[in-house]
Amino acid sequence: MTKDLTQRLRDAPALVTGAASGIGLALATRLAEAGARVVLADRDGEGAERRAEALRRRGLSAVARRLDVCDREDFARAVREIEEREGSLEYLFNNAGIGVGGEARDFGPVEWDSVVDVNLGGVIHGVLAAYPGMVARGRGHLVNVASVAGLVPFPGEISYTASKWAVVGLTQTLRIEAAALGVNVTLVCPGKVETPIYETSRILGFDRDAVLALWPKGVTPERCAEEVLDAVLANRAIVVVTGTAKLLWWLERLSPGLVEAVGKLYLRRLRAHRLPGAGRRA
Ligand code: NAI
């Protein structure tokens, strides 16, 4: 991040959801280091408080706010609190997300709803809470974290893929609507980032360790946050993080049929690790 760009973040009120861990924590940390006034929001309120406290001990501006992004009213309250305290909210990072691995035949309504409610519902609630104020002020920046699984089909992660494709569509459309109103919108699509999500996510129907071993090693959350903030400050429409993710995205635009073939090959390898008796029974 250049000095010039860092200056733009100085004293800027910023809210990061899912900030107690992984990419959200790295984003919040980097923002605070650049001088932003950061609110670390997470449904894990104690985790967010511990992280904010650690940042404050370094002399940085950080407060924690317990927030479940599925709670529309509380999300609106959290944004209002910042607007009242700071005068405005300049950056909202809709980052909170969860994953549940598995095929459609493994999934019941709970596995669909839980993922869509957080990954898509949480972003919608963020837009409802923050966008009107940004439009009224004629400035601000919304950053929505989707995934490379929002740009290409991803077998074995059916509800996650559906939720992230929706976030991609929402974000790209909002960017067009928001531009003439003075509000910037950036879409973030990471490939594999080494965060706790891989230990905490449920994986239905497959042997977890064997599935994770199929994936290439990812980048650090700090590296991801650095790329995201550079893209945000340059007001880029989309930032795709990791070489593998960029390759898949490029292939999808070049030849969707090729990506379908790659998906089938990957699924064949995945199904070699299917647990005996897996599958949802009607
Ligand atoms: P993580 O599991 O390390 O951190 C996610 C944080 O979100 C946790 O602190 C968790 O408590 C919080 N959270 C979960 N549900 C919430 C809710 N309803 N309300 C508020 N907070 C909630 O995960 P990671 O890897 O940092 O993921 C962050 C985002 O990046 C997610 O949207 C994820 O889908 C996306 N992503 C991650 C990739 C990866 O390889 N780690 C790849 C592509 C996208």
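Start at 1 and go down the list; that is how both ligands and their atoms are numbered. Worth saying up front: this structure is predicted, and the values here are computed from it rather than measured.
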Near [X], which atoms of ligand 1 are under 4.0 Å from a heavy atom of that residue?
X: Ile98; answer: 14 (C), 15 (N)
X: Tyr160; answer: 33 (C), 34 (O), 35 (C), 36 (N), 43 (C), 44 (C)
X: Gly22; answer: 3 (O), 26 (O)
X: Lys192; answer: 40 (O)
X: Gly18; answer: 6 (C), 7 (O), 12 (C)
X: Ile23; answer: 26 (O), 30 (O), 37 (C)

Ranking Ala96, Gly97, Pro196, Gly24 by closest non-hydrogen atom to atom 5 (C) of ligand 1, top hit is Gly97
Heavy-atom proximity to atom 32 (O) of ligand 1, picking from Asn95, Val188, Val145, points to Asn95
Which residue holds the protein heavy atom closest to [atom], what is that atom called, and what is the gap in Å?
atom: atom 25 (O) of ligand 1; answer: Thr195 OG1, 2.5 Å
atom: atom 21 (N) of ligand 1; answer: Arg43 N, 3.2 Å
atom: atom 40 (O) of ligand 1; answer: Tyr198 OH, 2.5 Å
atom: atom 10 (C) of ligand 1; answer: Asp42 OD1, 3.5 Å
atom: atom 3 (O) of ligand 1; answer: Ser21 OG, 2.6 Å
atom: atom 19 (N) of ligand 1; answer: Val69 N, 3.0 Å
atom: atom 41 (N) of ligand 1; answer: Val193 O, 3.1 Å
atom: atom 43 (C) of ligand 1; answer: Pro190 O, 3.2 Å

List the atom of [X], the atom of [Y], and the distance in Å for their closest heavy-atom pair.
X: Gly18; Y: Asn95; answer: O-ND2, 3.3 Å
X: Arg137; Y: Ser88; answer: NE-CB, 3.4 Å
X: Glu111; Y: Val100; answer: CG-CG1, 4.2 Å

Does [X] reach ligand 1, in the sense of a heavy atom lying below 4.0 Å from it?
X: Asp68; answer: yes
X: Gly47; answer: no
X: Ser201; answer: no
X: Gly218; answer: no

*Would Asp209 and Asp207 satisfy side chain to side chain contact (heavy atoms under 4.5 Å, CB included), going step by step from the backbone distance to the final call?*
CA-CA 6 Å; Asp209 293 340; Asp207 177 77; 4.1 Å; yes
One thing to verify: whether [Y] and [X] come together as a salt bridge, which I'm taking to mean a side-chain N less than 4.0 angstrom from a carboxylate O.
X: Glu81; Y: Arg65; answer: yes
X: Arg80; Y: Glu83; answer: no
X: Glu103; Y: Arg274; answer: yes

Fill in: Close N or O approach (Asn119, ligand 1; < 3.5 Å)
no
Can an N or O of Ala19 be found at a distance shorter than 3.5 Å from an N or O of ligand 1?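 No; every N/O pair is 3.5 Å or more apart.
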Q. Are Arg236 and Asn184 close enough that a side-chain donor and a side-chain acceptor fall under 3.5 Å?
A. no
query: Are side-chain N/O atoms of Tyr160 and Trp165 paired as donor and acceptor at under 3.5 Å?
result: no
Structural part of [X] in contact with ligand 1, heavy atom criterion under 4.0 angstrom:
X: Val148; result: neither
X: Val118; result: side chain
X: Ala146; result: backbone
X: Glu194; result: neither

Practice prompt. Examine distances only and state if a side-chain atom of Asp106 and a backbone atom of Ala278 form a donor-acceptor pair shorter than 3.5 Å.
Written response: no
Point to revise | Arg208 side-chain N/O to Ser201 backbone N/O, donor-acceptor pair under 3.5 Å | key: yes
Can you give each donor-acceptor pair under 3.5 Å made by side-chain atoms of residues 246-261, sequence neighbours left out, with the distance rounded to 0.1 Å?
| residue | atom | partner | partner atom | Å |
| --- | --- | --- | --- | --- |
| Arg253 | NE | Trp249 | O | 3.3 |
| Ser255 | OG | Leu258 | N | 3.1 |
| Glu260 | OE2 | Lys264 | NZ | 3.2 |

If you count the non-hydrogen atoms of other residues, nucleotides and ligands that lie under 6.0 Å from CZ in Arg72, is the total more than 12? no
- Item | With Glu53, the salt bridge (charged side-chain N to carboxylate O under 4.0 Å, His left out) member among Arg50, Arg56, Arg51 |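 Of Arg50, Arg56, Arg51, salt bridge (charged side-chain N to carboxylate O under 4.0 Å, His left out) with Glu53 is met by Arg56 alone.
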Donor-acceptor list for residues 189-198 side chains, cut-off 3.5 Å, not counting sequence neighbours:
| residue | atom | partner | partner atom | Å |
| --- | --- | --- | --- | --- |
| Glu194 | OE2 | Gly218 | N | 2.6 |
| Thr195 | OG1 | Ile197 | N | 3.2 |

